[in-house]
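Input: a single structure, listed below in structure tokens.
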Amino acid sequence: MRAMDIIAAEHRNMRLVSDALAALGARFATGTADGTALHTVELIAEYFETYSDRFHHKHESDVLFPLMRARSDRGAEMLDQLDRNHRDSHRELARLRFLADHPNRLETGNLKALAEHIRAFRDGFETHLRIEEEQCFPLAREVLTSDDWKMVEVAFAATSDPLDHENPVEAVALLKARITQLLPSPLGLGGTLTHAPATSRGWARPVEPTLAVEAVTSGYGRNDVLHGVSLRIMPGQLVALVGANGAGKTTLLRCISGVQPVSGGSISFRGAPIARMTSADRVRAGLCQVPEGRHVFAPMTIEDNLRLGAYTRPAGEIDRSLEEVYRLFPVLQERRHQPAGVLSGGQQQMVALGRALMGNPKLLLLDEPSMGLAPLIVAEIFRIVRMLRDSGVTILLVEQNARAALSIADHAYVMETGRITLEGPGADLLRDDDVRKAYLGL
Ligand code: ATP
């Protein structure tokens, strides 16, 4: 009975995430939390909303339960109860988000309220699953015909649910991968972003890296600069590449964007090799670079600079992207008719970022965005980079400012004289003794 296998696998997936939520809740109960833990709670709420509400509950309430009601009067009350739970879950999740994103989110009182809400949410969730597994599904097995099961199976196998995403299944798998990655290791879901979760259906398809650089070599004339560099960026990740002056970081970025020839190895973008693609085709495919030194066109207006970034896009989409960039950088909207040359360094960096975003990037390549900027402005730029990541943009951030880059990166690579010498989660590298000595001046 395939439909039941799918449902059982979905329950297993939801239980894993619910267990992780409960473990976070136990920490909050003691009044301890940090921003990442609270952000993880928000992502878990989003996971339940997208996965449970829009896939799982919908298929049950719209297809499975009505078929059961049509076949038998038995279980009507139980089905009413399960339907009610489905309808209420949205409100419960909204409360979870509210507490995790509250202005006083880190205060003990709020954390205790959050812990309490998580406990109640989880109790309700466990009871709901138990009623389904112990009462509802056995009854369904008894009363549904084989044609009914076919309909249930079709509903559960459908991937065209009304999620605002090209591929809803992948979107949810990514969300789960992001949660896995953010969870402190003892609470992990038994995987990392580079290893796609491998259970039924929702996670069955491996998540393909957005960028895979394999053993790339390159240089200038007879001077070899890159000696077999490999790195990966998964969708939605913010990956940092740090290293001293002259290590080869910019050369690698130039290989990725196609302005520097590769003499060995391979580079794949969203699953396809890009060796034969011109730079312009790479931009069209969604590889957008913000160059070192920003390169804004000083005499042109800010708005024209931004529009330049959209030269590969259909005209109808440009105004919408422009609005999004202005929402992100209100100061650019205020000054949109002024020449870009009058802006401060930080604002010019915003123009350069905005211009790349106008190309609707699938991967944003940032080369030294902090270069030459005052510390306060650097903090603002990094806040924006992090915000872009949180909004789903996949980013490769090349930086000499290792501390700032590692503190916002999901994953990071250290490059020394053309070789990757270390890699790991940004926060781990920030604590690594060798990295601290070599790059953080400690
Ligand atoms: P930085 O942070 O200073 O930009 P980087 O890590 O990005 O450093 P690259 O700019 O990639 O390093 O430089 C790597 C090596 O390649 C350096 O030894 C540099 O001198 C050399 N190099 C860079 N560009 C060229 C070029 N156009 N012609 C010849 N050699 C070059």
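Bear in mind the structure is a predicted one, so any value in this text is a computation, not a measurement. When a ligand or atom number is given, it counts from 1 through the structure's own listing order.
Side-chain atoms of Y220 and T251 include a donor-acceptor pair closer than 3.5 Å.
Atoms of ligand 1 found under 4.0 Å from any heavy atom of A247, numbered from 1 in the order shown, are 5 (P), 6 (O), 12 (O). The contact set between ligand 1 and Q400, taken as ligand atoms under 4.0 Å from a residue heavy atom, comprises 1 (P), 2 (O), 3 (O). Close approach of ligand 1 to A244 is summarised as follows: ligand atoms under 4.0 Å from at least one heavy atom of the residue are 6 (O). Taking every non-hydrogen atom of E368 and a distance limit under 4.0 Å, the qualifying atoms of ligand 1 come out as 2 (O).
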Original post:
Does the side chain to side chain donor-acceptor pair (under 3.5 Å) test come out yes or no for R270 and T210, once each step is laid out?
Top reply: CA-CA 4 Å; R270 307 180 86 207; T210 298; 5.9 Å; no

**OP:** Step by step, work out the ring-ring contact (aromatic ring centres under 6.0 Å, His included) result for H86 and H56.
**Re:** CA-CA 10 Å; H86 287 174; H56 187 78; 7.2 Å; no

**OP:** Could you please spell out the steps behind the side chain to side chain contact (heavy atoms under 4.5 Å, CB included) verdict for L397 and V239?
**Re:** CA-CA 6 Å; L397 168 65; V239 170; over 6 Å; no

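L328 has its side chain within reach of L388: a pair of non-hydrogen atoms, C-beta onward, lies under 4.5 Å apart. Under the 4.5 Å side-chain criterion, counting only non-hydrogen atoms from C-beta, F125 is not in contact with N85. Between M350 and I384, the closest side-chain pair of non-hydrogen atoms falls below 4.5 Å.
Closest to atom 17 (C) of ligand 1, if we only count protein heavy atoms, is G246 O, 3.8 Å. Annotation: atom 12 (O) of ligand 1 to nearest protein heavy atom, G248 N, 3.1 Å. Annotation: atom 4 (O) of ligand 1 to nearest protein heavy atom, T250 OG1, 3.3 Å. Counting only heavy atoms of the protein, atom 23 (C) of ligand 1 lies nearest to Y220 CE1, 3.5 Å.
Distances from atom 1 (P) of ligand 1 to the heavy atoms of L253, N245, T251 put N245 nearest.
Pairs of residues two or more places apart, or lying in two chains, that qualify as side-chain hydrogen bond (donor to acceptor under 3.5 Å, both in side chains) and include a residue from residues 329-344 are R335-Q338, R335-Q347, S344-Q347.
Atom 20 (O) of ligand 1 is not flagged as protein-proximal [any protein heavy atom, distance under 4.0 Å].
Inclusion of V225 in the set of residues having an N or O under 3.5 Å from an N or O of ligand 1 is not warranted.
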